Amino acid sequence: MNFIPSVLVGTWSIEGEHPLLPGEPITGTAEVTWLDEQQLLLLKAHYDHPQIPDALSVTAVLDGSPTMHYFDPRGEHRVFSVQLDETGWRWWNDDPVFAQRWVSSFSEGGAELTGHVERSEAGGDWLPDIELTYRRR
């Protein structure tokens with residue numbers, strides 16, 4: 001999988017669900033833009049549900065590998081490895097305290113991105129986290 005970040009650039013609506021919030025829809029928006037002459041990819045996500053924090057991530061190629069830094073208002077900062085091309089977007093970390101992984105696929109033409117996050121706490125089993133669909137606006 002190549003690193004082709006331009007496939008994410010644009011404005012997206014978000015819909016999803018979280019297993020800890022059954023029956024409560026997750027909606028929001030995301031804006032993905034270039035910074036620093038296309039050296040940094042910035043993703044700003046806003047969620048309408050009060051229990052889902054807004055987020056900011058910055059992706060760049062560091063030491064030859066695509067890397068994403070994630071931040072949210074709770075003070076969380078996580079670092080992920082990234083794969084991104086015209087077929088899908090994947091990010092993951094292997095943090096022994098709280099590991100996460102996202103796997104998603106673009107629809108034909110790239111108008112929709114559907115994926116899910118899994119989490120593993122303290123090296124335990126991988127559990128479902130959030131499922132999201134991004135649609136280009």
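All of these numbers come straight from a predicted model, not from anything done at the bench.
- Applying the salt bridge (Lys or Arg N to Asp or Glu O under 4.0 Å) rule to Glu15 yields the partners Arg135; only residues at least two apart in sequence or on another chain are considered.
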Using atom types as modelled, flag every donor-acceptor pair under 3.5 Å from a side chain in residues 20-30 to any protein atom, sequence neighbours excluded.
residue: Glu24; atom: OE1; partner: His49; partner atom: NE2; Å: 2.5
residue: Thr27; atom: OG1; partner: Asp48; partner atom: OD2; Å: 2.7

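- In this structure, the side chain of Asp54 engages the main chain of Tyr47 through a donor-acceptor pair within 3.5 Å.
- Leu40 and Leu56 fall within a single hydrophobic cluster, where Ile, Leu, Val, Met, Phe, Trp and Tyr side chains are chained together by heavy-atom contacts under 4.5 Å.
- Panel note: side chain Thr67, backbone Ser81; no donor-acceptor pair is recorded below 3.5 Å.
- Looking at residues two or more places apart in sequence or on another chain, you find no salt bridge (Lys or Arg N to Asp or Glu O under 4.0 Å) involving Asp94.
- Ser107 places a side-chain N or O within 3.5 Å of a backbone atom of Glu112 that can act as its donor or acceptor partner.
- Listed by first then second residue, pairs satisfying salt bridge (charged side-chain N to carboxylate O under 4.0 Å, His left out) with a partner in residues 57-66 number zero, not counting sequence neighbours.
- At least one side-chain heavy atom of Trp34 sits less than 4.5 Å from a side-chain heavy atom of Pro5.
- Residues meeting the salt bridge (Lys or Arg N to Asp or Glu O under 4.0 Å) test with Arg136, sequence neighbours left out: none.
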Under 3.5 Å, side-chain donor or acceptor atoms of residues 119-129 against the rest of the protein: list the pairs with distances, not counting sequence neighbours.
residue: Arg119; atom: NE; partner: Glu121; partner atom: OE2; Å: 3.2
residue: Arg119; atom: NH1; partner: Pro128; partner atom: O; Å: 2.6
residue: Ser120; atom: OG; partner: Gly124; partner atom: N; Å: 3.4
residue: Ser120; atom: OG; partner: Gly124; partner atom: O; Å: 2.6
residue: Asp129; atom: OD1; partner: His18; partner atom: NE2; Å: 2.8
residue: Asp129; atom: OD2; partner: Gln100; partner atom: NE2; Å: 3.4

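- Taken together through direct or relayed side-chain contacts under 4.5 Å among Ile, Leu, Val, Met, Phe, Trp and Tyr, Phe98 and Val103 form parts of separate hydrophobic clusters.
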